[in-house]
There are 4 protein chains.
Amino acid sequence: MSAYSIIFIPMARPRSDDKRLTILRAATGLFAEEGLNAPTARIAKAAGVAEGTIFTYFANKDVLLNELYLALKGELRAALAALPASASLKEQVWLAWRSYVHWGVSNPQQHQTLARLAMSPQITADTLAQGNRAFCDVSSLLEQAMRAGPLGQQSVEFAGAMMGAMGDVTMTFVRARPEAAASICQDGFAAFWHALSGA
Amino acid sequence: MSAYSIIFIPMARPRSDDKRLTILRAATGLFAEEGLNAPTARIAKAAGVAEGTIFTYFANKDVLLNELYLALKGELRAALAALPASASLKEQVWLAWRSYVHWGVSNPQQHQTLARLAMSPQITADTLAQGNRAFCDVSSLLEQAMRAGPLGQQSVEFAGAMMGAMGDVTMTFVRARPEAAASICQDGFAAFWHALSGA
Amino acid sequence: MSAYSIIFIPMARPRSDDKRLTILRAATGLFAEEGLNAPTARIAKAAGVAEGTIFTYFANKDVLLNELYLALKGELRAALAALPASASLKEQVWLAWRSYVHWGVSNPQQHQTLARLAMSPQITADTLAQGNRAFCDVSSLLEQAMRAGPLGQQSVEFAGAMMGAMGDVTMTFVRARPEAAASICQDGFAAFWHALSGA
Amino acid sequence: MSAYSIIFIPMARPRSDDKRLTILRAATGLFAEEGLNAPTARIAKAAGVAEGTIFTYFANKDVLLNELYLALKGELRAALAALPASASLKEQVWLAWRSYVHWGVSNPQQHQTLARLAMSPQITADTLAQGNRAFCDVSSLLEQAMRAGPLGQQSVEFAGAMMGAMGDVTMTFVRARPEAAASICQDGFAAFWHALSGA
DNA sequence: GATGAATGAGTATTCATTCAT
DNA sequence: CATGAATGAATACTCATTCAT
């Protein structure tokens with residue numbers, strides 16, 4: 001950026017990011033428990049801030065919803081541990097799958113809220129698109145894996161959506177029987193891998 | 001009144017099943033477009049009845065939601081054409097899959113509203129259970145097909161949920177590219193069949 | 001009655017007085033328990049008639065309220081047993097007092113509803129006046145008794161109102177301690193008689 | 001903010017007791033004119049506040065009613081001027097009576113609303129009890145005065161209720177003929193005093 | 001006449017958002 | 001910037017009354 005740039009954003013970042021995150025976290029919890037129409041007043045209380053404060057961080061509730069969607073997608077992305085390039089394709093997909101399921105199981109509120117947001121009419125197409133952008137490395141993995149499989153003629157997005165959907169189902173059943181988590185997660189992956197690669 | 005009737009029971013306009021359905025249909029449309037918190041007043045207007053009329057057919061909005069869930073599940077069930085016992089297992093599953101995807105694609109509002117209801121905290125566990133009861137014949141198909149596959153150790157419900165989830169994804173992509181409906185539906189099924197049977 | 005008539009309405013007295021009374025009685029009970037804004041629908045149900053039937057007997061709810069007021073005043077009037085002209089003035093007043101208190105205690109719903117109606121803005125001045133008309137014989141008793149007392153300069157209505165108010169208080173306390181009914185009723189009368197006659 | 005304040009506690013507009021009172025006063029007027037089911041919206045308008053504001057001061061209408069009851073009882077209590085211990089018993093009771101009647105006559109809305117609230121099923125027994133607590137000094141007066149009278153065997157509450165009831169009647173008649181206020185008030189008291197003391 | 005479904009104005013209450021402090 | 005009282009449009013639900021059967 002040139003020294004002549006007109007818009008200068010000082011380093012003094014007001015509106016502490018900390019408080020912003022606290023609000024998002026409180027919203028996540030409430031949305032999981034009461035649905036997306038949990039009142040902003042309750043979110044504020046859960047976050048330990050004043051009702052009005054929410055609106056210094058988010059222009060309105062819709063903005064809050066969209067930013068929360070991106071934040072949760074970001075957390076999920078961060079949870080998908082680095083995929084070691086040395087490992088085999090199947091192993092890499094397995095690692096991605098496992099971290100996805102693991103994230104959903106250990107962060108049930110985040111996962112459920114993310115699922116609800118994804119279905120909500122308040123999340124814009126733009127936000128949805130932007131949310132997917134971070135997952136391109138997983139996409140390229142899937143692209144390779146699906147080539148010879150039954151979805152060979154379809155788009156990577158199709159395979160990605162399948163992974164999300166099948167992963168969600170798997171999480172649900174792990175949650176119901178946590179003691180069988182490992183086998184459920186593995187069997188779910190086996191099913192997904194067959195669906196993807198045909199073998 | 002026939003001359004044979006001895007006891008005269010005066011009767012006001014009977015509650016019409018037709019009107020009940022009109023309301024449910026209007027609700028389906030609005031819920032698909034605006035989410036489950038579409039106001040009852042708008043539902044009434046869309047159904048062409050007075051606001052109060054909704055509450056002669058449904059005690060409150062929650063009841064409306066739950067009954068709508070069951071009604072939509074029922075429509076879906078009815079759409080799953082009779083499965084010919086003569087056909088092979090794979091063929092029967094294929095027919096079920098195809099009718100499911102077809103139903104969702106040609107009834108997008110019903111499908112989306114059903115999906116939203118299924119995630120909503122207002123639908124009781126009891127309603128969910130009751131909704132599944134009608135699908136036991138599909139379940140027994142899946143049970144046979146999954147035995148030797150990767151989900152062999154898991155419950156039928158798991159397989160059923162997978163079918164639902166994978167079908168939903170398939171519908172979404174058919175909707176985006178209707179001209180490729182046939183191939184998308186088939187490829188989706190191929191993926192599902194691999195996931196289910198392992199072959 | 002002809003053998004051909006299916007529906008036989010006896011003397012063809014329309015709007016059976018019986019049903020009218022049933023409705024008034026049901027209203028009395030509900031008004032006592034829930035206040036005067038108990039819904040007409042509930043009154044109908046309690047009376048065992050259809051919602052609409054109420055409005056063939058009473059043009060609207062206000063009319064129902066006013067007619068109920070008069071009906072209850074009438075019942076009260078009927079309960080004030082004939083006052084034997086042979087008895088002394090004090091004894092006659094005592095009999096009137098005793099029957100009043102007794103009526104209120106043994107008909108708590110009637111009494112409470114009457115009290116509520118009397119305070120309600122929906123009862124017209126005309127109705128109130130008409131309700132008092134039947135009590136002129138009691139009035140003339142009071143008129144004689146009050147002459148030499150502290151209220152000697154005031155109107156009979158004043159004394160009548162005092163009797164009503166003091167009687168109501170007495171009923172309330174009898175209801176709270178029914179086992180002491182007799183002494184409470186007597187002491188209440190003694191107080192009233194002193195207030196009235198000054199001795 | 002003073003330079004001496006160490007801790008800065010940001011404060012929004014504090015909840016004003018003034019506004020609370022304005023609402024209660026508006027409610028008093030409307031309840032007197034239209035009965036207790038005057039809509040909250042109209043109360044708000046009369047008080048010059050937004051509809052929602054009522055609910056920042058009173059959790060719901062029932063709470064408003066109960067708090068209004070206590071407020072009115074409080075006003076009445078405050079109106080019962082200090083009773084000079086030097087005066088004779090009868091004179092003290094007379095002062096209490098006169099201030100009571102005077103209060104009711106010069107605050108007809110307060111008085112009528114208080115009377116309606118006292119009969120309403122929405123006022124809890126607890127509120128009623130709490131409302132009476134402030135009147136114990138009057139009670140002890142009555143206790144002395146009633147000892148030798150016709151109510152000697154009864155509770156003070158009985159005498160208190162009589163005073164309230166007889167006072168209410170007196171107010172009503174004063175209101176009808178304001179020019180005769182003094183004599184009506186005195187005669188009413190004479191009647192009450194006879195009822196109480198027997199002389 | 002009797003019935004109860006239909007009506008729609010009316011009601012208490014909620015809630016996103018603003019703004020005085 | 002934070003706060004939370006103030007706002008008023010919006011919402012689910014009620015209820016007196018009408019009217020088709």
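Chain letters run A, B, ... following the sequence lines, proteins first and then strands; every chain starts at 1. Side chains included, hydrogens not; waters and symmetry mates left out as well; all remaining heavy atoms used.
In this model, the phosphate group of E:dA5 is not approached by any side-chain N or O of B:T53 to a distance below 4.0 Å at OP1 or OP2. The phosphate of F:dT11 (OP1 or OP2) has no side-chain N or O of B:T40 nearer than 4.0 angstrom. Residue D:K19 places none of its side-chain N or O atoms closer than 4.0 Å to OP1 or OP2 of F:dA5. The side chain of C:Y57 contributes an N or O atom lying less than 4.0 Å from OP1 or OP2 of E:dA2.
At a cut-off of 3.5 angstrom, the base of F:dC13 holds at least one donor-acceptor pair with the side chain of B:E51.
Note that the CD1 atom of B:I43 and the OG1 atom of B:T28 stand 9.0 Å from one another [nearest 0.5 Å].
Residues C:Q109 and C:E33 have side chains in contact (heavy-atom distance under 4.5 Å, counting atoms from C-beta outward).
Rounded to whole Å, the distance from CZ on B:R15 to P on E:dT7 is 14 Å. Between the CZ atom of A:R20 and the C1' atom of F:dA2 there is a distance of 18 Å, rounded to whole Å. In this structure, CG of A:L65 is placed 10 Å from P of E:dT17, rounded to the nearest angstrom. Rounded to an integer number of Å, the gap from B:N37 CG to E:dC15 C1' is 13 Å. D:L36 has its CG atom 12 Å from the P atom of E:dA12, to the nearest Å. Atom P of nucleotide F:dT17 and atom CG of C:D62 are separated by 7 Å, given to the nearest angstrom. At whole-Å resolution of the value, CD1 in D:I43 and P in E:dA12 are 8 Å apart. Regarding D:I54, its CD1 atom lies at a distance of 17 Å from the C1' atom of E:dC15, rounded to whole Å.
Mapping B:K61 and A:V49 onto DNA chain F by nearest heavy atom places A:V49 closer to the 5' end of the strand. Comparing C:A50 and D:P39 against DNA chain E, the residue whose closest nucleotide sits nearer the 5' end is C:A50.
Under the side-chain contact (heavy atoms from CB on, under 4.5 Å) rule, D:Q122 has a single partner from D:T127, D:L65, D:L64, which is D:L65.
The nucleotide F:dT21 finds its pairing partner in E:dA2, both defining distances of the Watson-Crick or G-U wobble pair being shorter than 3.5 Å.
Considering only the side chain of D:T56, F:dT7 comes nearest among E:dT14, F:dT7, E:dT11.
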**Test log, rule side chain to side chain contact (heavy atoms under 4.5 Å, CB included), inputs C:M119 and D:R116** = CA-CA 7 Å; C:M119 297 210 58; D:R116 281 191 176 144; 3.9 Å; yes

**Message:** Evaluate B:Y57 against B:V49 for side chain to side chain contact (heavy atoms under 4.5 Å, CB included), listing each step before the verdict.
**Reply:** CA-CA 11 Å; B:Y57 288 87; B:V49 302; over 6 Å; no

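Backbone-only engagement by B:N60 is indicated by non-hydrogen atom pairs under 4.0 Å involving sugar-phosphate atoms exclusively.
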